[in-house]
Amino acid sequence: MTDASTSASPFFTAVYEVVQRIPKGCVATYGQVAVLTGHPHSARYVGYALHSNPNPELIPCHRVVFRDGSLSPGFAFGGSECQRQLLEAEGVSFKPSESAVNAGESGWVVDLDVCQWQA
DNA sequence: TGGGTGACTTGCG
DNA sequence: ACGCAAGCCACCC
């Protein structure tokens, strides 16, 4: 089809829809978004959709984090530190990765216990 | 046209 | 406790 809408697949678009649905002051995990899109086993591709990020202004990728509460270091919008600033500005609670300090985390992770988005 | 890769997650050894 | 492997689906070359 010569339809221009063919540039976006249902899943791809669904990811954007879900991410935009994330309420301010909350965050969601790739797996969480994957389930909401209908592909609980395609969490990998959720990140890929954000990687495409055709609308960074409408798609707050910084609101999408890992299962641990942190996001991709270096591939994000500008840096994990910048993410903390943005999320914190939204009202998201942060906490030092004390549990993952041994794992070598970036240092700060989103307090999923308090700010993980509840569909 | 076909093959390879990837912002993940979970389970098993 | 940690490390490794598999699964998923669409995009890129």
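As the structure is a prediction and not an experimental result, all values here were calculated from the model. Just so we're on the same page: letters track the sequence lines, and every chain starts at 1.
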All N/O donor-acceptor pairs, side-chain side in residues 85-94 of chain A, below 3.5 Å, sequence neighbours left out:
{"residue": "Glu90(A)", "atom": "OE1", "partner": "Arg63(A)", "partner atom": "NE", "Å": "3.0"}
{"residue": "Glu90(A)", "atom": "OE1", "partner": "Arg63(A)", "partner atom": "NH2", "Å": "2.4"}
{"residue": "Glu90(A)", "atom": "OE2", "partner": "Arg63(A)", "partner atom": "NH2", "Å": "3.4"}

Task: Residues which pass side chain to side chain contact (heavy atoms under 4.5 Å, CB included) with Pro56(A), listed by chain and number, not counting sequence neighbours - done: Asn53(A)

Task: Rounded interatomic separation in angstrom, taking CZ from Phe12(A) and C1' from dC12(C) - done: 11 Å

Open item on the list: Holding to side chain to side chain contact (heavy atoms under 4.5 Å, CB included), I want the full list of residues that pass it with Asp113(A), two or more places apart in sequence or in another chain.
Closed with: Asp111(A)

- [ ] Could I get the full list of salt bridge (charged side-chain N to carboxylate O under 4.0 Å, His left out) partners for Glu17(A), not counting sequence neighbours?
- [x] none

Task: Working for side chain to side chain contact (heavy atoms under 4.5 Å, CB included), residues Val109(A) and Asp68(A) - done: CA-CA 7 Å; Val109(A) 295; Asp68(A) 299 328; 5.5 Å; no

- [ ] Whole angstrom is fine here: how far is it from CG in Asn53(A) over to P in dC11(C)?
- [x] 15 Å

Task: Closest-nucleotide 5' rank along DNA chain B - winner of Tyr48(A) and Thr29(A) - done: Tyr48(A)

Which side-chain N or O atoms in residues 39-49 of chain A pair as donor and acceptor under 3.5 Å with protein atoms at least two apart or in another chain?
none

Task: Distance between P atoms of dA5(C) and dT5(B) (Å, rounded) - done: 15 Å

Task: Along DNA chain B, first and last positions that approach a heavy atom of chain A under 4.0 Å - done: dG6(B) to dT10(B)

Open item on the list: Under the salt bridge (charged side-chain N to carboxylate O under 4.0 Å, His left out) definition, can you give me all pairs with a residue in residues 33-43 of chain A, not counting sequence neighbours?
Closed with: none

Open item on the list: How long is the straight-line distance from OG of Ser70(A) back to CD of Gln83(A), given to the nearest 0.5 Å?
Closed with: 8.0 Å

- [ ] Describe the nucleic acid contact of Phe11(A) in one word from base, sugar-phosphate, nothing, applying a heavy-atom distance below 4.0 Å.
- [x] nothing

- [ ] Mind listing the residues from residues 34-45 of chain A sitting with a heavy atom below 4.0 Å of DNA chain C? Number order is fine.
- [x] His39(A), His41(A), Ser42(A), Arg44(A), Tyr45(A)

